[in-house]
Amino acid sequence: MPNVKTAISVEKSIFERMDVLAKNLNTSRSRLFAMAAREFLQRHHHKELLKSINHAYDDLSESDPLIQKMRPGHHEMVKDQW
């Protein structure tokens, strides 16, 4: 997939921390920012997926044993991605 160059503005402290991390990981800042953006997009996707799952079960009663058993599981599936 082709890359696109862009200019972004970030707080100086974030830039400095990303610079140190890039050096520690032996990668470029550009690659590190791309990795961070990719991870952020994945987290957002997981949140949207959880919303869709919950919406699919909206017509069932909250007291339904199936719902009570499944909802905590949904959160467990995505909590580390947030």
Side-chain angles (χ1 to χ4, degrees):
M1 183 176 295
N3 291 330
V4 176
K5 286 191 175 199
T6 186
I8 61 171
S9 297
V10 296
E11 294 173 21
K12 185 177 180 182
S13 62
I14 292 173
F15 176 84
E16 290 168 345
R17 291 171 59 196
M18 292 291 277
D19 193 41
V20 169
L21 182 57
K23 288 175 184 170
N24 289 342
L25 295 176
N26 198 30
T27 192
S28 69
R29 281 190 310 262
S30 181
R31 177 155 167 70
L32 189 61
F33 276 99
M35 290 167 51
R38 192 174 297 114
E39 184 176 324
F40 180 82
L41 290 169
Q42 188 65 36
R43 286 181 186 185
H44 179 73
H45 173 75
H46 288 169
K47 286 181 186 180
E48 292 301 312
L49 180 59
L50 180 59
K51 239 193 265 186
S52 295
I53 290 169
N54 286 334
H55 180 68
Y57 291 103
D58 276 348
D59 59 335
L60 298 176
S61 168
E62 286 293 323
S63 61
D64 186 308
L66 178 64
I67 297 299
Q68 291 178 354
K69 189 173 183 177
M70 291 183 75
R71 286 225 169 144
H74 297 161
H75 177 72
E76 286 298 314
M77 286 190 305
V78 298
K79 75 174 184 173
D80 291 334
Q81 303 300 318
W82 295 359

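Side chains are part of it too, since the values below use all heavy atoms of this structure and drop only hydrogens, waters and symmetry mates.
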Per-pair distances, 0.1 Å, donor-acceptor, side chain in residues 12-27, under 3.5 Å, sequence neighbours excluded:
residue : atom : partner : partner atom : Å
Asp19   : OD1  : Arg29   : NH1          : 2.9
Asp19   : OD2  : Lys23   : NZ           : 3.4

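Contacts of Lys5 classified as salt bridge (Lys or Arg N to Asp or Glu O under 4.0 Å), with partners at least two apart in sequence or in another chain: none. With sequence neighbours left out, the salt bridge (Lys or Arg N to Asp or Glu O under 4.0 Å) criterion links Arg31 to no other residue.
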